[in-house]
Amino acid sequence: MGSEKDVSSERDKVFTNLSGLKIEPFYRPFDLEYDSELGNPGEHPFTRGVYPTMYRGRTWTMRMFAGFGTAKDTNKRFKYLLEHGQTGLSVAFDYPTLYGYDSDHSMSEGEVGKCGVAISSLADMETLFDGIPLDKVSTSMTINGPAPIIWAFYIVAAQKQGIGIEQLRGTIQNDILKEYIAQKSWIFPPEPSLRLIVDTIEFGTEHLPKWNTISISGYHIREAGSTAVQELAFTLADGLTYVDESMKRGLAIDSFAPRLSFFFNAHNDFFEEICKYRAARRIWAREMKKRGAADPRSMKLRFHTQTAGVTLTAQQPENNIIRVSLQGLAAVLGGTQSLHTNSFDEALALPTEKAVLMALRTQQIIANESGITNTIDPLGGSYYIENLTNQMEEETYRIFATIERMGGVVAGIKRGWFQKEIAISAYRYQQEIEKGKRRLVGVNCFRVEDDDESGVNTLEIDPDVERNQIERLARLRRERDNSLVEETLDALEKGARSDGNIMPFLLDAARAYATLGEIRERMVKVFGTFQQPEPF
């Protein structure tokens, strides 16, 4: 037994979460006012969940992110996941595709198929979903700079399956503001990029009523090193910018807002993450109501979650299974609508089939064995949870005020303010790890002397993938109707210079088998490219 002194002492003088918010030793009823800000599940302001029954009605969509090598390779992985109980598809693209380059472009050398699937044309998209009925599955695509182009490939691929586009369900990430802020895979400057996003929102509203035309993403903001509060505030500020720009176009808020969705990170601080999601719902509901939304669906913040890639460690990689389990549990307790759980080997390479299956089983165990889906918002009413939810909301509004003083999100991006704030947070977190203030098991504590991760089998991409992909692209260019390609690209360029919606021109170019890079070049000719500002 410890001494009386040991029992009364605490490990640290001050306890804080990853956002730096002070955590009290315990919380009492008079620390909190239970008022209308809490409410019931499915009711404004949706703090406790966006649906009245939540997981008692049905569980979240288990949407595992997948993509590597060629379209044929990834098609095989998709079918494997669907056969093992996955309920939605999520496409990871390689870096050339993310930047709008064809696989045979000089900038693509050495990167084709490495961190995702290579998609250079409609032909690749047709192969990617060969044998997968697009009217029966929902598909999420993590693509931003060239999102309208990739979406056009997907729509035409569905039409070639004989499917009406009004039947398609899914999401394109299409969140360019967070690219300037965090992930950096932009192409065009902010203003034309916002025009393209509103074009997709307008086109989806008119023709694809089941499709989410944007997934406003905090995930990559957090992966870049932000705190949870910064992830929350920056993401919602981006989302409100898209709403405001769409309304400037003349779109009625209730015509498009029900199809907006969000994408958040699930990091290590368990309770902080749960409160982040709860605060996000409440803030979004309030802000949408301020903008005139009357339809409750417009005020519901629906979101996908992915466990934090940045928390995965190469040291003792099996420990990542536990990290992912806790992060996935936080997402569910926070009320997520869909979830991707990372594989334990992803700090080393793209995941193997065994690791992916284990990550999927993690979700299935949470859903079927933990009992937490039996009641809605089981942590709601906790003195700590409600207090921290309120704190995160207050901090978010402080950041909103700073952004407003700068002139909005685009002005902040051009000044490099967002980038600087994230860099400061990332540096602070790294310093805390190196000094041992933040403990990472297997990294700065509980290390083993012979820590060799070579015992983990990893997925390797065959070097022939790039060569074969380039050969397929060359064959496509030989066999297609190149005069029709040029005709559609000329029309696209003209459409880009007009005030009209660009999607019909992209669909025509896709249908003619114009490539991603060819379409990108014509759009760059009109819109130009963006140069990152120096934030310091």
Worksheet entry | Set of residues satisfying side-chain hydrogen bond (donor to acceptor under 3.5 Å, both in side chains) with respect to D269, sequence neighbours excluded | none
Discussion item. For Y80, give me all partners under side-chain hydrogen bond (donor to acceptor under 3.5 Å, both in side chains), at least two apart in sequence or on another chain.
Written reply: none
Discussion item. Using modelled atom types and a 3.5 Å cut-off, is there a donor and acceptor pairing between side-chain atoms of Q306 and backbone atoms of Y219?
Written reply: no
Item to complete: List in chain and number order the residues that pass side-chain hydrogen bond (donor to acceptor under 3.5 Å, both in side chains) with T336, two or more places apart in sequence or in another chain; answer none if no residue qualifies.
Response: T305
Discussion item. Does this structure show an ion pair linking E191 with K414, if we count only N-O contacts that are shorter than 4.0 Å?
Written reply: yes
Worksheet item: Step by step, would you call W60 with F303 a ring pair (Phe, Tyr, Trp, His ring centres under 6.0 Å)?
Response: CA-CA 10 Å; W60 60 93; F303 68 100; over 10 Å; no
Practice prompt. Applying ring-ring contact (aromatic ring centres under 6.0 Å, His included), name anything that partners F93, two or more places apart in sequence or on another chain.
Written response: none
Item to complete: Could you tell me whether R520 sits above the aromatic face of Y101, with NZ or CZ closer than 6.0 angstrom to the six-membered ring centre and within 45 degrees of the axis?
Response: yes
For residues 401-411, which side-chain donor-acceptor pairs fall under 3.5 Å, sequence neighbours excluded?
| residue | atom | partner | partner atom | Å |
| --- | --- | --- | --- | --- |
| T402 | OG1 | R398 | O | 3.3 |
| T402 | OG1 | R405 | NH2 | 3.2 |

Item to complete: Go through the structure and list residues passing salt bridge (charged side-chain N to carboxylate O under 4.0 Å, His left out) with R56, not counting sequence neighbours.
Response: none
Item to complete: Applying ring pair (Phe, Tyr, Trp, His ring centres under 6.0 Å), run through Y180 and F418 and close with a yes or a no.
Response: CA-CA 9 Å; Y180 304 121; F418 291 95; over 10 Å; no
Item to complete: Please list, chain by chain and in numerical order, all residues satisfying salt bridge (charged side-chain N to carboxylate O under 4.0 Å, His left out) with R58, sequence neighbours excluded.
Response: none
Practice prompt. List the steps and the verdict of side-chain contact (heavy atoms from CB on, under 4.5 Å) for I187 and M523.
Written response: CA-CA 10 Å; I187 301 173; M523 295 172 73; over 6 Å; no
Discussion item. Has D124 got a side-chain atom pairing as donor or acceptor with I119's backbone, closer than 3.5 angstrom?
Written reply: no
Item to complete: Could you tell me whether the side chain of L329 reaches within less than 4.5 Å of the side chain of F270, counting heavy atoms only?
Response: yes
Discussion item. Quick check on K289: does its NZ atom have over 12 non-hydrogen neighbours (other residues, nucleotides or ligands) under 6.0 Å away?
Written reply: no
Worksheet item: Considering residues at least two apart in sequence or located in another chain, which fulfil the side-chain hydrogen bond (donor to acceptor under 3.5 Å, both in side chains) criterion with S343?
Response: none
Worksheet entry | With R63 via salt bridge (charged side-chain N to carboxylate O under 4.0 Å, His left out) - residues at least two apart | none
Worksheet item: Quick one: salt bridge (charged side-chain N to carboxylate O under 4.0 Å, His left out) partners of R438, sequence neighbours excluded?
Response: E432
Fill in: Identified side chain to side chain donor-acceptor pair (under 3.5 Å) partner of R282 from the options N390, T396, T389
N390
Worksheet item: Please, which pairs that meet salt bridge (charged side-chain N to carboxylate O under 4.0 Å, His left out) have at least one residue in residues 247-256, sequence neighbours excluded?
Response: D199-R249, E202-R249, E245-K248
Item to complete: Look only at the side chain of N368 and the backbone of Q364, and say whether a donor-acceptor pair between them is shorter than 3.5 Å.
Response: yes
Fill in: Sequence-distant partners of T375, side-chain contact (heavy atoms from CB on, under 4.5 Å), two or more places apart
P378
Fill in: Donor-acceptor under 3.5 Å (R281 side chain, T47 main chain)
yes
Discussion item. So that I can tick it off, tell me whether E272 and K276 are bridged by a salt bridge, with the cut-off set at under 4.0 angstrom between side-chain N and carboxylate O.
Written reply: no
Fill in: Exceeds 12 heavy-atom contacts within 6.0 angstrom, atom OH of Y427
no
